Protein chains: 2
Amino acid sequence: MDQPPSSLTSTQLTAYFAFTEVSSLLRHAVEQQLRDAGNLSYVQFQLLARLGDSPDGQRRMTDLADGVVYSRSGLTYQAQLLEQRGLVTRAPSADDERSVVVTLTEAGRDILATVFPGHIEALHHLLFATLSDDDVDELARILGRAAEHLRATPPRSAAPRRRKTSPERAAP
Amino acid sequence: MDQPPSSLTSTQLTAYFAFTEVSSLLRHAVEQQLRDAGNLSYVQFQLLARLGDSPDGQRRMTDLADGVVYSRSGLTYQAQLLEQRGLVTRAPSADDERSVVVTLTEAGRDILATVFPGHIEALHHLLFATLSDDDVDELARILGRAAEHLRATPPRSAAPRRRKTSPERAAP
DNA sequence: CTTAGTTGCTTCGAACTCGAAGCACATGAC
DNA sequence: GTCATGTGCTTCGAGTTCGAAGCAACTAAG
């Protein structure tokens, strides 16, 4: 293996701190814009956006939760709120009675359409304004790789729920 | 100014999504490590780390809050928890009776020392394992610039607390 | 078919977070 | 000095978050 990494290089530290700082500040700013523009929390926006991304505007709860890195119970709560506001509907899946399929409503699409331009603009102002095209390329490349790695890396030593039968199974 | 940015390039979108995903996943993973290693939340660790960074192990509440992009009231709460655990002390500042100076205790330093190696290692595994030195350089450079920009950019149209002396209200 | 184990979601309780309001000290104008 | 205002922090209430436990439906094994 590599040498035991008991410390980080100065550049790595810089990168890490910058990352966390950008993450926090960007999130705060975006959150405020979403609140102002459509009275949506960041999570709610992410959920709606993810639904809007789907060709039929539908997703299962679990897929939504995984997509936004969110707890199941937290998603249940937010889905209730969105349903109360009429932005989504929830119904058991036909295939699997356990599953709940969340569907974007017209009102949901409207809100999304209302909020999106401001969201884009905020991103421009806050993040991309100071970055060159090359920078963005680099970011996309580097973070894309990191994301892929993180997705593949089990959260910790123990997986939350494991198959027990077959020794190995290809990802569904 | 520029043309109104009503959309993002495909690469920008990729970069943004990758960024948010890395941010979420990394944070979750790190949070778990900190919880396991020292029963610390991410915020608590950040606060202790920030105190540890200070030459005398002291910081004012407000500076701490700003440093970690956190609400004042939230910081009061966390500082209480840390104080109860004996990891920090709080005392009014001599200079300014309003200020509260938070000081890292020996126990606080111990916890930091306990948790740090695992934290570093987690970062290696999760983030830096797949990145080349050049990648890290690029990240540090790009995100450093972005962070600087974000720090300088007012959160949104309104500043939290405005001077009132000047007759004109600042532009909304 | 029956049983056991798995998976999808919700409920519940506890913990955390924020903003608004409040309190106390500080600072400047007069 | 007094008064008005700004600043640092805490308290309070409401809303949000999570994990554990619980329920219902699917699936595999016998």
Side-chain angles (χ1 to χ4, degrees), chain A residues 24 27-28 31-32 34-36 39-47 59-85 88 90-102 155-156 158-166 169 172, chain B residues 24 27-28 31-32 34-36 39-47 59-85 88 90-102 155-156 158-166:
Chain A
S24 292
R27 169 131 183 188
H28 264 254
E31 210 141 45
Q32 197 142 32
L34 292 172
R35 182 72 59 196
D36 293 347
N39 198 32
L40 290 176
S41 72
Y42 189 58
V43 191
Q44 291 172 339
F45 172 71
Q46 281 186 304
L47 295 176
R59 302 259 184 185
R60 296 187 318 146
M61 293 284 282
T62 292
D63 297 336
L64 279 176
D66 290 347
V68 301
V69 191
Y70 214 61
S71 72
R72 310 292 145 106
S73 50
L75 178 59
T76 296
Y77 177 75
Q78 287 296 345
Q80 278 175 350
L81 293 188
L82 291 175
E83 191 177 34
Q84 281 169 19
R85 285 178 61 180
V88 305
R90 287 189 297 171
S93 164
D95 299 338
D96 186 339
E97 277 292 321
R98 294 169 303 178
S99 291
V100 169
V101 173
V102 182
R156 275 212 340 79
R161 282 175 168 181
R162 256 241 180 288
R163 285 194 178 264
K164 56 110 203 192
T165 41
S166 55
R169 212 136 217 270
Chain B
S24 293
R27 170 131 183 188
H28 265 253
E31 211 142 45
Q32 197 142 31
L34 292 173
R35 182 72 60 194
D36 293 348
N39 198 32
L40 290 176
S41 71
Y42 189 60
V43 190
Q44 291 172 341
F45 171 72
Q46 282 185 304
L47 295 177
R59 301 258 183 187
R60 297 188 316 145
M61 294 283 281
T62 292
D63 297 335
L64 278 177
D66 290 347
V68 300
V69 191
Y70 214 61
S71 72
R72 311 293 146 107
S73 51
L75 178 58
T76 296
Y77 178 73
Q78 289 295 347
Q80 278 175 350
L81 293 188
L82 291 175
E83 190 177 34
Q84 281 169 19
R85 286 178 60 181
V88 305
R90 289 188 296 170
S93 164
D95 299 338
D96 186 337
E97 278 292 321
R98 293 168 303 176
S99 291
V100 168
V101 173
V102 182
R156 289 264 314 116
R161 281 177 167 178
R162 257 259 177 271
R163 289 195 177 267
K164 59 96 215 201
T165 40
S166 50

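Chain identifiers are assigned alphabetically (A, B, ...) following the order of the sequence lines, protein sequences preceding nucleic acid strands; residue numbering begins at 1 within each chain. Since the structure is predicted, the reported quantities are computational estimates derived from the model, not experimental observations.
Two residues, Asp95(A) and Leu81(A), neighbour DNA chain D, and the one matched to the more 5' nucleotide by heavy-atom proximity is Leu81(A). Mapping Gln44(A) and Arg90(B) onto DNA chain D via the closest heavy atom, the residue that lands nearer the 5' end is Arg90(B). Summary of the strand contacts: Arg98(A) and Tyr77(A) both lie near DNA chain C, and taking for each the nucleotide with the nearest heavy atom, the more 5' one is attributed to Arg98(A).
To the nearest 0.5 angstrom, Leu40(B) atom CG is 5.0 Å from Arg85(B) atom CZ.
Gln80(B) comes within contact range of the sugar-phosphate backbone alone, with a heavy-atom separation under 4.0 Å but no base atom that close. No contact: Arg35(A) has no heavy atom under 4.0 Å from any strand.
Leu40(B) has its CG atom 17 Å from the P atom of dA15(C), to the nearest Å. Between Asp96(A) atom CG and dC23(D) atom P there is a gap of 19 Å when expressed in whole angstrom units. The CD-P distance, from Gln78(A) to dC9(C), rounds to 16 Å in whole Å. The interatomic distance linking Asp36(A) (CG) with dG19(C) (C1') rounds to 14 Å, in whole Å. Here the P atom of nucleotide dC18(D) and the CG atom of Leu34(B) are 17 Å apart, to the nearest Å. Per the geometry, CD belonging to Gln32(B) stands 19 Å off P belonging to dT17(D), to the nearest Å. Distance, Glu97(A) CD to dT6(C) P: 23 Å, rounded to whole Å. Put simply, CG on Leu82(B) is 13 Å from C1' on dC16(C), counting in whole angstrom units.
The side chain to side chain contact (heavy atoms under 4.5 Å, CB included) test applied to Glu31(B) returns Arg27(B), Tyr42(B), not counting sequence neighbours. For Val68(A), the side chain to side chain contact (heavy atoms under 4.5 Å, CB included) test picks out Gln46(A), Leu47(A), Arg50(A), Tyr70(A), with sequence neighbours left out.
The shortest side-chain heavy-atom distance between Arg59(A) and Val100(A) does not fall under the 4.5 Å cut-off.
What you find for Val88(B) and Ala79(B) is that their closest heavy atoms are CG2-O, 4.1 Å. Residue Asn39(B) comes nearest to Gln44(B) through the heavy atom pair O-OE1, 4.0 Å, listed as atom of the first residue, atom of the second, then distance. Contact detail for Arg90(B) and Val102(B): the closest heavy-atom pair is CG-CG2, 4.1 Å.
Of the listed nucleotides (dG8(C), dG8(D), dT17(D)), dG8(C) has the atom at the smallest distance from the side chain of Arg60(A).
Listed by residue number, the members of residues 61-76 of chain B with any heavy atom below 4.0 angstrom from DNA chain C are Tyr70(B), Ser71(B), Ser73(B).
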